[in-house]
K.L.:
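Sharing a structure here in structure tokens format.
First listed ligand is number 1; within each ligand, the first listed atom is number 1.
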Amino acid sequence: MTDATTDQRTFGEDFLWGSATAAYQIEGAAAEGGRGPSIWDTFSHTPGRTSNGDTGDVAVDHYHRWREDVALMKDLGLDAYRFSISWSRVQPGGTGEFNAEGIGFYSDLVDGLVAAGIKPVVTLYHWDLPAELEARGGWTNRETAVAFGEYARRMAVELGDRITVWTTLNEPWCSAYLGYASGVHAPGRTEPLAALQAVHHLNLAHGLAARAIREVLGDEAQLSVTLNLHVTRPDDPDSESDRDAVRQIDAVGNRAFLGPLLEGAYPVDLLQDTAAITDWSFVEDGDLETIAQRLDVLGVNYYSTGRVRRHDGTGERAQADGHGDSGATPWVGADDVEFLPQPGPHTAMGWNIDPAGLTELLLGLRDSYPDIPLMITENGAAFEDVVDADGRVHDAERVSYLHDHIDAVGQAIDAGADVRGYFVWSLLDNFEWAHGYERRFGIIRVDYGTQERLWKDSARWYQRLVAASVLPEVTQV
Ligand code: GCO
């Protein structure tokens, strides 16, 4: 809405303002408190996999500093905090024994949040599979999905009614395709068939977890999954073949998840596009019913857009999809689709800045799934931050990125999208996966030498936004 007297964009009273993080990116304490290794420990410790060989061994030491971090969030005035549980911290091998110390860590964190008036939004899987499960095939193995359901059940028992929203998976697209097809993420495999098996077993894992949480907590539990949906445009809107390239990316990137999760079926065109790789016989009777559990909210992560065309077979195929180039494509079954470089401006990730894409995405979801509320579970940007002579980080580009994207959310709400909240990625600078510590997404800066936390201008700006639910001008920092 727009305030008639001030002409400023306003959001409803109940709109949740939050920040997001993920366990491996912030916790550190990788070998403490009984935590078992995950695929990200193995991957980051493998030479050549991350920038500068960076690992999450220490990260931003949130495991020891969580009280300070909760206090920061309280000062920011946040309504909610989205964090993830490290599966191998609470169940070191992924099956079998649970680790009381690890569970205690999250239980204390949740209590700390609740005491600070901050609603806990928990993600059960943000990419850090227990290494023992990968040794048995990881997400290519159906048993991993079964194990995930049991882990989710135990978390529901332990954390129960203190959790506001339960998110099963974060961006299964990344787990499946970056992990098993392009190999730029853990476990670093480059096998198209394995990636499609992973897609299905992640979907199944979601369904089993959602069902288990409902069995423990009943109908009241708020269930969710977070997807990174791809907004892709044809290079030439008049070209049928470019439009078909968009369809293919939509199938393998978006509908491979939306279909089974929300419509109870894999899209027919996806099955056709991937027919040379698999007949999908790993989808067993009853799986689709298990996957299509009722969802209370759909989490949407959004950063940028893509532009595609069909490769004409000559010269190199452009692969500027912003997900790293290992030589192997994450776009299984769409090998001849080219991702063209996008016009700027760009963030430090090389991702183009395109807030209109977020409005478009939200309105598309409103049209396709009008009954399901949406939440922006991640949005934000990395820039080359500097600490100025005045000791501050004047991250004007981040402020304007956030301003324009939150405005884009507001436009979608005005047009009828049911968006319930916005979580900035990220609370703190942290371990940015294959980019290590080279990319800073935080609204709070972390000095990796001292672990000191420093408010950037974007944090002050966000604090102002959250306090009044009115979108401040970019100059109001
Ligand atoms: C993702 C992850 C985050 C990333 C963030 C910036 O969306 O890729 O959920 O862990 O750090 O998106 O790349």
Side-chain angles (χ1 to χ4, degrees), residues 18-28 38-40 43-44 50-51 54-56 59-60 62 81-87 121-129 165 167-179 181-182 184-186 202 206 224-231 253-254 257 298-306 321-324 330 346-354 357-358 361 375-385 395 397-398 401-402 405 422-444 446 458:
S19 68
T21 63
Y24 190 69
Q25 296 183 273
I26 63 165
E27 284 179 7
S38 83
I39 55 174
W40 268 96
F43 189 77
S44 65
T50 64
S51 297
D54 288 343
T55 73
V60 296
H62 172 77
Y81 173 49
R82 172 177 184 251
F83 64 98
S84 82
I85 293 178
S86 154
W87 184 353
V121 172
V122 77
T123 301
L124 291 170
Y125 187 73
H126 201 123
W127 309 351
D128 42 0
L129 189 73
V165 176
T167 303
T168 53
L169 308 173
N170 174 69
E171 301 191 357
W173 183 89
C174 294
S175 304
Y177 298 113
L178 300 182
S182 71
V184 298
H185 279 184
L202 282 153
H206 160 82
S224 161
V225 62
T226 278
L227 303 178
N228 56 319
L229 297 168
H230 302 268
V231 179
N254 300 333
F257 303 99
L298 176 66
V300 174
N301 289 357
Y302 176 86
Y303 292 92
S304 63
T305 53
D321 70 350
H323 292 289
H346 298 103
T347 69
M349 295 294 281
W351 298 345
N352 65 311
I353 301 177
D354 188 353
L358 179 52
L361 173 61
M375 198 136 85
I376 311 302
T377 38
E378 280 180 33
N379 173 243
F383 288 106
E384 307 284 347
D385 298 327
D395 56 340
E397 291 170 296
R398 183 173 293 104
Y401 181 100
L402 296 178
H405 284 78
Y422 175 96
F423 292 71
V424 60
W425 184 271
S426 184
L427 176 67
L428 303 160
D429 289 339
N430 59 48
F431 175 77
E432 178 54 28
W433 308 111
H435 297 280
Y437 298 98
E438 275 184 351
R439 298 283 182 270
R440 293 177 177 271
F441 273 89
I443 56 171
I444 306 271
V446 179
S458 54

K.L.:
Looking at atom 7 (O) of ligand 1, what's its closest protein heavy atom, distance included?
P.N.:
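Nearest protein contact, heavy atoms only, for atom 7 (O) of ligand 1 is Glu171 OE2, 2.3 Å.
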K.L.:
Checking side chain to side chain donor-acceptor pair (under 3.5 Å) against Tyr24, which of Ser84, Ser44, Ser38 comes through?
P.N.:
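That would be Ser44.
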K.L.:
Please identify which atoms of ligand 1 are closer than 4.0 Å to at least one heavy atom of Trp127.
P.N.:
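The list of qualifying atoms is 1 (C), 2 (C), 8 (O).
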K.L.:
Going by the atom numbers of ligand 1, which of them fall below 4.0 Å from some non-hydrogen atom of Asn170?
P.N.:
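Result: 2 (C), 9 (O).
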K.L.:
For Trp351, which part has a heavy atom under 4.0 Å from ligand 1: side chain, backbone, both, or neither?
P.N.:
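For Trp351, only side-chain atoms sit under 4.0 Å from ligand 1.
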K.L.:
Would you call the rings of Phe431 and Trp433 parallel, tilted or perpendicular, where under 30° means parallel and over 60° means perpendicular?
P.N.:
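Perpendicular, since the angle between the ring planes exceeds 60°.
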K.L.:
Considering only non-hydrogen protein atoms, determine which one is nearest to atom 10 (O) of ligand 1 and report residue, atom name and distance to 0.1 Å.
P.N.:
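Nearest protein contact, heavy atoms only, for atom 10 (O) of ligand 1 is Gln25 OE1, 2.7 Å.
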K.L.:
Hey, does Asn301 have a side-chain heavy atom less than 4.5 Å from the side chain of Asn170?
P.N.:
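In short, these two side chains touch, coming nearer than 4.5 Å.
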K.L.:
For atom 11 (O) of ligand 1, which candidate among His435, Arg439, Glu432 holds the nearest heavy atom?
P.N.:
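It is Glu432 whose heavy atom sits nearest to atom 11 (O) of ligand 1.
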K.L.:
Using every non-hydrogen atom in the two residues, find where Ala20 and Ser426 come nearest and quote the distance to one decimal.
P.N.:
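Residues Ala20 and Ser426, closest heavy atoms: O-OG, 2.8 Å.
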K.L.:
Roughly how far apart are Leu227 CG and Tyr302 OH, rounded to 0.5 Å?
P.N.:
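Interatomic distance, Leu227 CG to Tyr302 OH, rounded to 0.5 Å: 15.5 Å.
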K.L.:
Looking only at distances, please establish whether an N/O atom of ligand 1 is found under 3.5 Å from an N/O atom of Tyr303.
P.N.:
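Yes, Tyr303 has an N/O under 3.5 Å of an N/O on ligand 1.
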K.L.:
Checking a contact table here: which protein heavy atom is nearest atom 9 (O) of ligand 1, and how many Å away?
P.N.:
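Atom 9 (O) of ligand 1 sits closest to the protein heavy atom Glu378 OE2, 2.6 Å.
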K.L.:
Test Arg82 against every option in Thr226, Thr21, Val165, Val424 by the side chain to side chain contact (heavy atoms under 4.5 Å, CB included) rule and name the one that passes.
P.N.:
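Of the listed residues Thr226, Thr21, Val165, Val424, the side chain to side chain contact (heavy atoms under 4.5 Å, CB included) partner of Arg82 is Thr226.
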